[in-house]
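To keep things clear, I will list the structure first and then write my remarks on it.
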Amino acid sequence: MTEINGISSSPGYAFGKAFIYRHDKLVIAHEHIDVNSVDKEIEYLESCFSSIIKEFQKYLDDAIGDSEKALYTVELLMLEDVEYRKSIKKLIREKHYSAPWAVEEATEEIIKVISGVEDEYLKERIIDIRDIEYVVLETLTGKRREHIEVREKRILVADYILTSELLGLEGLENIEGIVLDTGGKTSHVSILAKSKKIPAVVGAVDFSSTLEEGETVIVDGEEGKVIRNPAKRVIAQYERKRREREALLKGLDGSIEIKGRTSDGKRVILDANIEWLEGVDDAISSGAENIGLFRTEFIAIKDDILNSRDKKDEIYMEAAHRMAGRGSIVFRTLDIGGDKKTEGMLAEDNPILGWRAVRYMLSHRKDFKAQMRAILMASKYRNVSMMFPMISGVEELDEVLSLLKEVKAELRRDGIEFDENMKIGTMIEVPSAALISDVLAKKVDFFSIGTNDLIQYTIAVDRGNDKTNYLYNPLHPGVLRLIKLVVDNAHKEGIEVGLCGQMASEPLYLPLLVGLGLDELSMSPASLPVIRSYLTSLNYGDCSRLANEVLSESSHIEIEKKVKEFSNERETRNQK
Ligand code: PEP
Ligand code: MG
């Protein structure tokens with residue numbers, strides 16, 4: 001049993017067999033060859049092995065250091081192993097397997113034997129054997145692995161995974177948990193895991209390359225831990241934890257219609273972030289007052305992958321309809337690009353600083369206008385708002401607003417009903433937008449602070465990179481000062497300001513956010529019941545004092561100390 005620490009990215013517990021997906025894997029077709037082609041297939045196999053051996057001999061000659069030399073020596077031994085080659089050829093000759101299929105089958109057989117041996121050294125060689133298998137298969141087939149299909153309940157363990165890959169994965173419903181070697185808490189794959197209620201741990205460095213397919217793994221999405229080959233006793237513990245968590249969430253069932261309020265009556269609207277139409281139901285059952293953020297890009301990416309048909313009009317209309325009479329719904333226009341690229345989007349040196357969100361959409365005006373039109377049409381239910389992501393300056397916002405004006409004029413011309421008073425908001429997630437929020441506040445009806453990005457851009461730290469994750473700190477004084485500035489500027493102009501980043505769903509930060517004066521907090525539905533229950537126990541006066549104290553601090557260490565002290569004191573008081 002081994003325990004690995006990573007970063008908790010989606011809450012909950014999961015355990016099961018691992019399905020490993022590394023970007024160097026290949027999918028092999030299981031094809032029989034013609035009896036007459038057997039000799040040709042074996043000849044082809046031999047020539048591939050010879051060229052790989054030559055290549056590896058060269059790697060060994062050029063290797064620097066003992067460990068690299070040892071690695072190539074072991075791999076060469078395997079490539080030159082007569083028995084290995086014999087077993088492959090036997091499958092081709094006797095069962096008429098194609099060469100790649102025979103390699104896959106023969107290698108599996110060796111791995112099965114080694115896995116059963118009580119010898120740690122030999123077991124560690126499995127990774128080297130896998131490496132050889134990949135190299136041979138790549139040479140034989142000339143292709144790379146790409147299609148992911150999960151047919152049984154599994155824990156997906158991957159080096160990394162693109163949002164589009166996860167969305168296009170066949171058998172997503174079979175994924176019980178996710179472990180990634182890389183990634184950060186607020187990366188979009190983490191957001192996706194959360195919205196699909198899949199417990200996930202990211203930043204589990206190299207985990208996918210040390211694991212074997214089918215090994216048992218526990219994903220502890222609460223503590224950010226992964227346990228490999230757990231003892232029965234530990235699995236039982238986690239079964240209990242999972243049951244307790246389910247009971248707790250049921251107990252906090254949000255169907256009770258309570259508005260967000262502190263114990264002394266300060267109103268804080270509690271809303272949900274969703275990514276799918278089904279999210280509307282999750283939001284309602286979690287007791288969300290409204291949908292504070294509909295990330296429309298996820299359905300757009302998925303539709304593109306699976307159907308090449310865009311169903312946004314129907315989905316927006318249906319979502320607004322389901323929320324009608326309950327609350328409002330904020331559709332954020334496509335935040336595509338960055339770490340949410342789809343096939344066909346240009347590779348960029350710095351995608352996070354590049355052609356993303358409104359920047360991308362302003363270069364694809366036809367698509368942008370089509371989306372605005374669909375949102376406006378859904379606004380006939382009188383509960384819809386539209387919000388723009390990644391606004392960085394006034395000219396950009398003006399350009400977007402003038403496009404919106406054009407779309408409205410077209411709808412009027414076509415006699416299509418929409419809400420003339422539909423509210424328009426902008427996200428504040430770029431520091432420049434926060435700094436000029438006094439100007440932006442004059443042009444829109446509300447702000448929503450996207451801390452996932454605001455933190456990334458303020459501290460200049462990639463939100464998806466585990467190497468620099470230690471710098472990604474919501475309590476950085478620079479970030480807190482920007483939030484305060486935005487709240488003050490919004491209130492001076494008389495508009496509401498919310499916060500919809502991951503920060504809103506963490507109880508530790510709640511008193512501070514309340515004290516900073518945010519009018520609304522929007523989070524994943526799963527986090528809402530806990531936050532609502534905590535909010536009702538807070539005193540606004542105490543929260544304001546905490547915020548004032550914190551704002552005069554210059555180090556995040558001191559700030560963290562104060563925030564933790566606040567929650568510990570409250571806990572002690574409640575226990576008395
Ligand atoms: C944010 O940046 O905080 C946000 C809510 O937007 P996203 O996570 O989709 O980038
Ligand atoms: Mg964002």
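Atoms within a ligand are numbered from 1 in the order they appear, just like the ligands themselves.
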*Trace of the side chain to side chain donor-acceptor pair (under 3.5 Å) decision for E565 with N568*: CA-CA 5 Å; E565 263 167 29; N568 291 342; over 6 Å; no
*Could you pull out the atom name of the N/O/S atom in D453 that is nearest the Mg ion (ligand 2)?*
OD2
*Write the atom name of the N, O or S atom in E429 that is nearest the Mg ion (ligand 2).*
OE1
*Just by modelled atom types, is the C543 backbone N or O under 3.5 Å from a matching donor or acceptor in the R545 side chain?*
no
*Sidechain-backbone polar pair: Y457 side chain, I352 backbone, donor-acceptor under 3.5 Å*: yes
_Between D281 and R322, does any NZ, NE, NH1 or NH2 come within less than 4.0 Å of an OD or OE carboxylate oxygen?_
yes
*Taking only residues two or more places apart in sequence or in another chain, which ones pass side chain to side chain donor-acceptor pair (under 3.5 Å) with H476?*
none
_D335 backbone or side-chain N/O/S under 2.8 Å from the Mg ion (ligand 2)_ = no
*Will you find, in the side chains of D159 and S208, an N or O donor that is under 3.5 Å from an N or O acceptor?*
no
*Indicate whether the side chain of N273 and that of S522 have a donor and an acceptor atom separated by less than 3.5 Å.*
yes
*asked:* Distance under 4.0 Å, heavy atoms only, partner ligand 1: which residues pass?
replied: H188, I191, L293, R295, R332, D335, K340, R356, M427, E429, G450, T451, N452, D453, R463, C500, G501
